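A note on names: the letters A, B, ... follow the listed sequences, proteins ahead of strands, and every chain is numbered from 1. Keep in mind it's a predicted model, so treat the numbers as computed, not measured.
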Protein chains: 2
Amino acid sequence: MNARTRAHGSRPTLHDVAREAQVSARTVSRVLNDEPRISAPTRERVLQAVARLGYRRNAMARNMRVGARDSAVGLVIPDLANPFFSVVAAAVERTLRTRGLYVVIASSEEDPARERAVVTDMLGRQVAALVVVPSGDDHAYLRLERRRGLPVVFLDRPPNRLAADAFVSANTDGAHQAVTHLLAHGHRRIGFIGDRPTTLYTRRERFRGYRSALAQAGIAVDPALVDRGHHENDAAEATVRLLSAVDPPTAVFAANNLACMGAMMALARARRRDVALVGFDDFTLADVFDPGITVVAQDPHGLGTAAAERVFARLDGDRGRARTTVLATRLIVRGSGEISAS
Amino acid sequence: MNARTRAHGSRPTLHDVAREAQVSARTVSRVLNDEPRISAPTRERVLQAVARLGYRRNAMARNMRVGARDSAVGLVIPDLANPFFSVVAAAVERTLRTRGLYVVIASSEEDPARERAVVTDMLGRQVAALVVVPSGDDHAYLRLERRRGLPVVFLDRPPNRLAADAFVSANTDGAHQAVTHLLAHGHRRIGFIGDRPTTLYTRRERFRGYRSALAQAGIAVDPALVDRGHHENDAAEATVRLLSAVDPPTAVFAANNLACMGAMMALARARRRDVALVGFDDFTLADVFDPGITVVAQDPHGLGTAAAERVFARLDGDRGRARTTVLATRLIVRGSGEISAS
DNA sequence: TAGAAGCATGTCAACGTTGACACACGTTGA
DNA sequence: TCAACGTGTGTCAACGTTGACATGCTTCTA
């Protein structure tokens with residue numbers, strides 16, 4: 001069987017090219033790596049053989065031989081279809097690509113066990129680094145890898161039981177600002193719609209901001225005004241529940257993007273234009289609504305970019321202490337948050 | 001240097017574990033692969049050594065030895081941050097994960113050269129399959145790989161100069177339906193806002209539907225009503241241009257999701273509630289606007305899922321002819337498309 | 001004109017893993 | 001009693017590539 005008639009599915013190797021070009025495999029390797037001291041005719045013959053056979057260097061074998069890790073970075077994210085995370089992922093990918101790094105993506109679907117499974121798998125794949133939006137509550141199992149020099153960067157939420165780099169939004173501040181804004185417009189009963197697992201880091205932090213803003217106005221949290229729902233529909237139902245309570249809220253703080261969309265749906269369906277709304281996380285078209293939706297904007301692109309850049313720094317040998325960086329949020333006033341209490 | 005004090009950055013190998021457990025590397029390998037005929041005490045010692053050293057099997061080396069390809073599928077996509085593509089990507093990832101396959105993502109940014117570069121790179125990485133939303137106009141270079149049995153599936157747009165599986169939306173039909181809908185509401189001057197590179201497959205197909213629907217009504221395409229803009233802002237500017245023309249359109253067909261958002265922005269800013277609008281591709285909150293946005297919905301989730309399933313079929317040995325599958329679109333009537341011509 | 005120097009190429013082993021095969025023990029059965 | 005068998009383990013080579021080193025040939029120089 002000559003090299004040109006290899007079995008289905010197999011691909012030519014250096015040796016096949018070597019045979020075809022009548023040189024040694026080492027010489028082919030040199031040509032492919034642009035090493036010096038190759039005569040022009042030899043180079044030519046090798047390149048022609050490469051073209052004839054459709055040869056492609058096996059990066060797996062190469063990386064193994066040269067002791068390199070994979071040229072991919074593992075990215076573990078709860079849900080790629082969520083616009084917040086997809087923008088984060090796009091930013092991570094875009095930044096890593098400037099250095100020739102690829103991204104291996106896996107969704108954890110907010111399942112700690114799944115998260116750990118995919119992370120473990122990625123470690124076995126020899127990824128060059130790990131970027132994680134964590135769902136789990138114990139990342140101690142990554143301690144050894146980190147000590148061995150693997151860059152591990154957490155995004156949107158910090159790690160637990162592990163010192164590692166992290167980039168998060170100013171959740172508490174942002175929420176505080178949002179609720180203070182509503183208070184300034186005369187609201188005293190402000191609903192809170194947050195994530196379903198109330199233990200989720202972002203939900204906890206944002207709730208803290210909600211509570212502290214209320215406290216500053218001398219208002220205690222009324223559990224009847226706190227509801228949950230991660231998906232739009234859950235959040236819409238939660239909004240309906242809140243509004244149909246005995247003493248309903250005059251304003252709603254939706255603590256994440258989907259919650260905000262759900263609240264918008266519910267308010268639109270109920271034609272309640274008198275209820276103020278401030279969302280956490282900006283989204284496309286927020287300004288096209290009437291009234292425009294007032295939000296606390298995060299910087300998903302900045303989060304992703306910063307995480308990728310920290311990966312670069314760590315790959316470049318930065319062995320400094322792990323740092324958690326907080327990215328500022330920004331209140332964008334558009335109308336829905338400025339509806340006054342009736 | 002014993003195994004526990006290896007240099008920074010290096011990770012223990014089978015041999016390190018073997019030394020630690022006082023057995024041969026082959027035995028460690030057997031334990032890790034759950035091969036039969038390992039005595040209980042040996043297995044125990046090996047597992048303890050593995051735990052002590054924090055050993056993890058090197059998947060790269062393993063795949064090489066067993067001749068397997070990488071357990072990742074390459075996904076090449078124009079822009080992960082575009083909600084249409086992010087949903088597609090999420091569906092691909094979700095489906096592939098059911099079989100333990102990972103996704104390596106690379107953005108092509110609608111650049112054919114970049115697309116080709118990342119595809120070539122992925123082939124070198126020994127990806128198990130390739131899923132591509134193509135921007136290039138020549139995929140002949142993939143012919144050999146396909147012949148060697150590599151599953152290559154195109155998404156959203158078909159390949160050029162290559163027979164390969166593809167999953168696309170019913171672009172022409174959908175556009176035809178959208179424009180016919182507007183015609184039915186009395187519009188005779190209907191604007192078209194599509195992608196910037198007018199050669200883009202989806203833009204061409206949708207334009208065909210636009211033209212044929214007009215033709216059916218005995219109307220010729222008026223170039224003054226055709227504009228472009230891929231990003232929201234471009235599309236918004238295009239909309240403004242159209243509306244300020246001498247004989248402006250009374251309705252707009254926005255041939256992609258960003259174009260539609262741009263048109264919405266422009267109409268909202270100009271407070272033009274008399275202009276009908278139908279968009280191509282559905283989006284969150286489309287029904288929350290007043291009026292709701294009438295769209296031709298695609299099925300991004302279905303596209304991604306179907307592509308991943310075709311990958312499975314091909315991996316399972318399906319050597320049938322390459323097929324292009326067209327997924328139906330669906331007109332969703334919400335109000336903006338039912339504004340009558342004045 | 002011999003020895004040094006440089007160029008072009010080749011040989012061998014190794015990266016970390018596992019398939020193929022070998023072997024040293026029991027145990028079993030005629 | 002010993003051949004046949006089963007069990008647990010080890011040895012070796014190979015996957016496709018490249019680093020280290022070797023070798024043969026040309027060219028230059030004293």
Side-chain angles (χ1 to χ4, degrees), chain A residues 3 6-7 9-47 49-50 53-71 121 123-127 148, chain B residues 3 6-7 9-47 49-50 53-71 121 123-127 148:
Chain A
R6 300 172 63 98
S10 79
R11 297 170 61 172
T13 71
L14 264 188
H15 290 91
D16 298 317
V17 178
R19 204 174 314 121
E20 180 84 7
Q22 318 226 53
V23 295
S24 74
R26 192 64 187 82
T27 297
V28 178
S29 170
R30 280 195 262 257
V31 171
L32 267 70
N33 290 304
D34 269 322
E35 290 180 34
R37 285 187 215 160
I38 297 290
S39 71
T42 302
R43 146 170 280 115
E44 194 48 38
R45 250 181 325 138
V46 168
L47 291 179
V50 164
L53 300 184
Y55 169 80
R56 244 181 261 284
R57 184 166 59 194
N58 184 327
M60 227 156 67
R62 172 172 221 277
N63 284 339
M64 208 185 94
R65 173 64 241 240
V66 304
R69 306 191 62 91
D70 191 1
S71 64
D121 227 72
L123 293 172
R125 297 174 54 88
Q126 313 293 107
V127 289
R148 286 187 184 134
Chain B
R6 300 173 61 100
S10 79
R11 297 169 60 172
T13 71
L14 265 188
H15 291 91
D16 298 318
V17 178
R19 204 175 313 121
E20 181 85 7
Q22 317 225 54
V23 294
S24 75
R26 192 64 187 81
T27 298
V28 177
S29 170
R30 280 195 262 259
V31 171
L32 268 77
N33 291 302
D34 269 323
E35 290 181 34
R37 284 184 216 164
I38 298 289
S39 72
T42 302
R43 144 169 282 114
E44 195 47 40
R45 251 183 323 139
V46 168
L47 292 179
V50 164
L53 299 184
Y55 168 80
R56 244 182 263 283
R57 183 165 61 194
N58 184 326
M60 227 156 66
R62 173 173 220 276
N63 285 338
M64 207 185 92
R65 173 65 243 239
V66 305
R69 305 191 63 90
D70 190 2
S71 64
D121 227 72
L123 293 172
R125 298 172 54 87
Q126 312 294 108
V127 289
R148 285 185 185 137

Engineer: Sugar-phosphate atoms are those with a prime plus P, OP1 and OP2; base atoms are the rest. Using that split, label each nucleotide of nucleotides 5-10 of chain D B, S or - for protein heavy atoms under 4.0 Å, 5' to 3'.
Structural biologist: --SBBB
Engineer: In this structure, how many angstroms lie between the C1' atom of C/dA13 and the NE2 atom of A/H15, rounded?
Structural biologist: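 Interatomic distance, NE2 of A/H15 to C1' of C/dA13: 12 Å.
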Engineer: With a 4.5 Å heavy-atom cut-off, do B/P41 and B/E44 have their side chains touching?
Structural biologist: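 With C-beta onward as the side chain, the pair stays apart.
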Engineer: Just how far is it from atom CZ of A/R56 to atom CG of B/D121, taken to the nearest 0.5 Å?
Structural biologist: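 The CG atom of B/D121 is 10.0 Å from CZ of A/R56, to the nearest 0.5 Å.
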Engineer: Are B/Q126 and B/M64 close enough, and set up right, to give a side-chain contact (heavy atoms from CB on, under 4.5 Å), and what steps lead you there?
Structural biologist: CA-CA 10 Å; B/Q126 312 294 108; B/M64 207 185 92; over 6 Å; no
Engineer: Answer yes or no: is there a side-chain heavy-atom contact under 4.5 Å between B/P12 and B/R19?
Structural biologist: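 Result no, sub-4.5 Å side-chain heavy-atom pair not found.
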Engineer: Test side-chain contact (heavy atoms from CB on, under 4.5 Å) on A/D34 and A/R43 and set out the steps.
Structural biologist: CA-CA 9 Å; A/D34 269 322; A/R43 146 170 280 115; 3.2 Å; yes
Engineer: How far does CG of B/L53 sit from CZ of B/R11, to the nearest 0.5 angstrom?
Structural biologist: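 It is 12.5 Å, given to the nearest 0.5 Å.
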Engineer: After noting the C-alpha distance and the side-chain angles of B/V31 and B/L47, does the key distance pass the side-chain contact (heavy atoms from CB on, under 4.5 Å) rule?
Structural biologist: CA-CA 8 Å; B/V31 171; B/L47 292 179; 3.8 Å; yes
Engineer: Closer than 4.0 Å, any side-chain N/O of A/N33 to the OP1 or OP2 of D/dT18?
Structural biologist: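 Checking D/dT18 against A/N33, a side-chain N or O does come within under 4.0 Å of OP1 or OP2.
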Engineer: Please give, in whole Å, the distance from C/dT17 C1' to A/R125 CZ?
Structural biologist: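 In whole Å, C/dT17 C1' and A/R125 CZ are 17 Å from each other.
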Engineer: Looking only at the side chains, is there a donor atom on one of B/N33 and B/R57 sitting less than 3.5 Å from an acceptor on the other?
Structural biologist: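 B/N33 vs B/R57: donor-acceptor pair found between side chains.
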Engineer: Tell me the interatomic distance from A/M60, atom CE, to C/dC15, atom P, rounded to whole angstroms.
Structural biologist: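 To the nearest whole Å, that distance equals 18 Å.
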Engineer: How many angstroms lie between CZ in B/R125 and CG in A/N63, if you round to the nearest 0.5 Å?
Structural biologist: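 Rounded to the nearest 0.5 Å, the CZ-CG separation comes to 8.0 Å.
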Engineer: Rounded at 0.5 Å granularity, tell me how far OG1 in B/T27 sits from CD in B/E35.
Structural biologist: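 Spacing of OG1 (B/T27) from CD (B/E35) equals 10.0 Å.
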Engineer: Tell me: CZ of B/R69 to P of D/dG16, nearest whole Å?
Structural biologist: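 Taking CZ of B/R69 and P of D/dG16, I get 12 Å after rounding.
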Engineer: Write down the protein N/O and nucleotide N/O pairs, taken from nucleotides 24-26 of chain D, whose separation is under 3.5 Å; answer none if there are no such pairs.
Structural biologist:
none

Engineer: Let me know the distance between CG of A/L32 and C1' of D/dT18, rounded to the nearest Å.
Structural biologist: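 Nearest whole value for this atom pair: 12 Å.
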Engineer: Are any of A/R65's side-chain N or O atoms less than 4.0 Å away from OP1 or OP2 of C/dG16?
Structural biologist: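 No, no such contact exists.
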Engineer: Tell me whether the OP1 or OP2 atom of D/dT17 has a side-chain N or O from A/S29 closer than 4.0 Å.
Structural biologist: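 Result: no.
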Engineer: Over how many whole Å does the gap from B/M64 atom CE to C/dT18 atom P extend?
Structural biologist: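 In whole Å, C/dT18 P lies 12 Å from B/M64 CE.
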Engineer: Starting at atom CG of A/N63, determine the distance to atom P of C/dT17, rounded to an integer number of angstrom.
Structural biologist: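 The distance from CG of A/N63 to P of C/dT17 comes to 15 Å, rounded to the nearest Å.
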Engineer: Please report, rounded to the nearest Å, how far the P atom of D/dC15 is from the CZ atom of A/R11.
Structural biologist: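 So the CZ-P distance, A/R11 to D/dC15, works out to 17 Å.
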Engineer: For the helix from C/dT1-D/dA30 to C/dA30-D/dT1, measure the angle between the helix axis at one end and the axis at the other, each built from five pairs, rounding to 10°.
Structural biologist: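 Inter-axis angle at the termini of the helix from C/dT1-D/dA30 to C/dA30-D/dT1: 60°.
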Engineer: With distance as the sole test, does B/R45 use its side chain to make a donor-acceptor pair with the main-chain N or O of B/A21 at under 3.5 Å?
Structural biologist: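 Indeed, once roles are kept as given, a pair shorter than 3.5 Å links the two residues.
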